[in-house]
Amino acid sequence: MRRESVKAILRGALPMGSKVEVCGWVRHRRDSKAGVSFIDLSDGSSVADLQVVAPAALGNYRDEVLHLSSGCSLRVRGELVPSPGKQPVELKAEAIEVLGWVEDPETYPIQPKPHSLEFLREVAHLRPRTFLHAAVARVRHTLALAVHRFFDERGFFWVNTPIITSSDAEGAGQLFRVSTLDLLNLPRTPDGKVDFRQDFFGREAFLTVSGQLNVECYCLALSKVYTFGPTFRAENSNTSRHLAEFWMIEPEIAFADLDEDARLAEDFLKYLIQCVLEERREELEFFAKRLEPTVVERLEQLIEAPFERLDYGEAIAILERADHRFEFPPRWGMDLQTEHERYLTEVHFRRPVIVMNYPEGIKAFYMRLNDDGRTVAAMDVLAPGIGEIIGGSQREERLEVLDRRMAQFGLNPERYQWYRDLRRYGTVPHAGFGLGFERLLCYLCGLSNIRDAIPFPRTPGSIAF
RNA sequence: UCCCGAGUAGCUCAGCCGGUUAGAGCAACUGACUGUUAAUCAGUGGGUCGGGGGUUCGAGUCCCUCCUCGGGAGCCA
């Protein structure tokens, strides 16, 4: 007898009358006056559960079946039959083997009812057993595959950039230190500083905050590349949009300018949304029921219309003209505040917006200086409800300008020799962007807290699992 | 890190101006019921009121402090 998934059975992959084995966890048990019990069985393969019908004639009916509670694991053998109830098919059990009991049903955290997301974060090891988190996990999986498929179809190569690095990629963000030194007995140099020459790598090392600088090296050889992996920021930021450990996607294209970069970003987002709409419809409809009623319509609208594109200067002008009181009055030269981004995406345009060509003073050193001398070829994709979802730029490919910018930002050129080499040996125009995977997942699922978009969230002061 | 708000049963919450033995719904358990699916009905058990300190004859309730969680801000993806 073959073990079948709940998903395969519910979508009608097997004919009625088939004898099957199904394994999974009890969601809920209902006993009927007819002397049979109904068990909703979940194996995580689909949103819907399989209804198992357990007749009283089963040898272990009275002693075991009648005591099954939420979370018990089962192996069920039986026959697929049409259901008189609301589901198309149910499993008429001929044998139910209890693989694992729930020690104390009263304190088992996952009850057959909706829980608050806040509570479920306290039981992150068990929350994948809920409808919601199982659905998020499946969407996350589908989304990750779609990322690779998108790039593969367009001739991009996936480059695995290092997780342990020695340089802070952008001078942005606090770093997690990586060290094997004994914290309680640190080796010192004669002048009293920590002697990192005795550390594992012979110098200071950190967890990466971005794979961009490394992936640029491969871009200037393979032309179209991307990274997709974990990224770490030790910022003490306590918001619903930040994680200390998150996954980032960073494509980099040679011979491209900012315009092509923005086009890629838009195509990429639309491709991913299209995939989820097609391949995870059931999950989206569940999110619509539980999280955000209009999630499907919102995504459908999003792939239909072109994103709004405008220069940073135009954005500031719109904000200055706006009939709206901002806590921080907009002014050319300042970065867009959260309230400004929200106004643009949620009030003014009501769709994603790509803001381009920011003042050079507020952006990173590697972004290409425009001919006006006061802006850089940077772009941010802003989405309603979530803010900045993509940040990208054309990179500065001219060595003398790059050196000037590094000096302006107070960076030591010696630490970036290998990065400068890219400009010394066959430099080319190139551009890329970074996309926060969990932020995108929030946007697609209608989640409002990023801690629900990653299995085991890491945030300041929280690493229980 | 800053500004708000909240911590009471396994979960979601109520608990008034400080006053007897701290409540409800759901969940759990026991039982009833001819196929249930947010099942229904009856009953039972379940609490260091986040921790510590203080005020008071008396504190879940007021004050101080710490912790945790949530919302917002900054920073960013």
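Everything quoted here is computed from the prediction, not taken from an experiment. Note on naming: letters A, B, ... go to the chains in the order of the sequence lines (proteins, then strands), and numbering restarts at 1 for each one.
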Taking any heavy-atom pair under 4.0 Å as a contact, classify [X]: base, sugar-phosphate, or nothing.
X: L243(A); answer: base
X: I390(A); answer: sugar-phosphate
X: T239(A); answer: base

What is the distance, rounded to the nearest whole Å, between atom [atom1] of [X] and atom [atom2] of [N]?
X: E103(A); N: C29(B); atom1: CD; atom2: P; value: 14 Å
X: F232(A); N: C76(B); atom1: CZ; atom2: P; value: 20 Å
X: I450(A); N: G70(B); atom1: CD1; atom2: C1'; value: 16 Å
X: R241(A); N: G72(B); atom1: CZ; atom2: P; value: 7 Å
X: R121(A); N: U12(B); atom1: CZ; atom2: P; value: 12 Å
X: L120(A); N: C69(B); atom1: CG; atom2: C1'; value: 14 Å
X: F119(A); N: A27(B); atom1: CZ; atom2: P; value: 15 Å
X: Q212(A); N: C76(B); atom1: CD; atom2: P; value: 15 Å

Nearest to the [X] side chain among [options], which nucleotide is it?
X: E118(A); options: C76(B), U30(B), C69(B); result: C69(B)
X: H242(A); options: G25(B), U1(B), C76(B); result: C76(B)
X: N449(A); options: C75(B), A28(B), G71(B); result: G71(B)
X: R233(A); options: C29(B), C76(B), U1(B); result: C76(B)

Between R263(A) and D261(A), does at least one N-O distance fall below 4.0 Å, as a salt bridge requires?
no
Is E388(A) salt-bridged to R241(A), going by a charged N under 4.0 Å from an acidic O?
no
Run the side chain to side chain contact (heavy atoms under 4.5 Å, CB included) test against V102(A) and tell me which residues pass, sequence neighbours left out.
S69(A), C72(A), Y108(A)
Take atom [atom1] in [N] and the same atom in [M], then report the distance between them in whole Å.
N: G71(B); M: A27(B); atom1: C1'; result: 28 Å
N: U21(B); M: G60(B); atom1: C1'; result: 15 Å
N: C41(B); M: G25(B); atom1: P; result: 11 Å
N: C2(B); M: C66(B); atom1: P; result: 11 Å

Taking E260(A)'s backbone N and O only, do any of them form a donor-acceptor pair with D257(A)'s side chain (distance below 3.5 Å, no angle check)?
yes
Examine distances only and state if a side-chain atom of R298(A) and a backbone atom of Y443(A) form a donor-acceptor pair shorter than 3.5 Å.
yes
Distance to the ring centre below 6.0 angstrom and angle to the axis at most 45 degrees; does that hold for R154(A) and Y271(A)?
yes
Would R280(A) count as a cation-pi partner of F287(A), with NZ or CZ less than 6.0 Å from the six-membered ring centre and within 45° of the ring normal?
no
Output one line per pair: protein atom, nucleotide atom from nucleotides 36-40 of chain B, and distance, for all N/O pairs under 3.5 Å.
unit_1, atom_1, unit_2, atom_2, d
U36(B), O2', R30(A), NE, 3.3
U36(B), O2, R30(A), NE, 2.8
U36(B), O2, R30(A), NH2, 3.0
U36(B), O2, Q51(A), OE1, 3.4
U36(B), N3, Q51(A), OE1, 3.0
U36(B), N3, Q51(A), NE2, 3.0
U36(B), O4, Q51(A), NE2, 2.8
U36(B), O4, Q87(A), NE2, 3.4
U37(B), O4', R30(A), NE, 2.9
U37(B), O2, Q51(A), OE1, 3.3
U37(B), O2, Q87(A), OE1, 3.0
U37(B), N3, Q87(A), OE1, 3.3
U37(B), N3, Q87(A), NE2, 3.3
U37(B), O4, K86(A), N, 2.9
A38(B), OP2, K86(A), NZ, 2.4
A39(B), OP1, H28(A), NE2, 3.0
A39(B), OP2, H28(A), NE2, 3.4
A39(B), N6, D31(A), O, 3.2

Answer yes if the ring centres of Y218(A) and F157(A) are under 6.0 angstrom apart, and no otherwise.
no
Please find out if less than 6.0 Å separates the ring center of F268(A) from that of F151(A).
yes
Could you give the distance from OG (S393(A)) to CZ (R368(A)), rounded to the nearest 0.5 Å?
11.0 Å
Assign each of Q337(A) and E106(A) the nucleotide of RNA chain B bearing its closest heavy atom; nearer the 5' end lies the nucleotide of E106(A)
Comparing nearest nucleotides in RNA chain B, the 5'-proximal residue of the pair E122(A), S69(A) is S69(A)
I'd like to know if Q111(A) reaches the base of G10(B) with its side chain such that a donor and an acceptor end up less than 3.5 angstrom apart.
yes
So does [X] get a side-chain nitrogen or oxygen closer than 4.0 Å to the phosphate oxygens (OP1/OP2) of [N]?
X: S237(A); N: C75(B); value: no
X: S240(A); N: G72(B); value: yes
X: T338(A); N: G74(B); value: yes

Expected output check: what is the dot-bracket annotation of RNA chain B, where ( ) and [ ] are pairs inside the strand (brackets for crossing ones), | is paired with another strand, and pairs are Watson-Crick or G-U under 3.5 Å?
(((((((..((((.....[...)))).(((((.......))))).....(((((..]....))))))))))))....
Please evaluate residues E266(A) and K270(A) with respect to the criterion salt bridge (charged side-chain N to carboxylate O under 4.0 Å, His left out), reporting the C-alpha separation (whole Å), side-chain torsions for both, the decisive distance (0.1 Å), and the verdict.
CA-CA 6 Å; E266(A) 179 170 347; K270(A) 287 182 173 175; 2.8 Å; yes
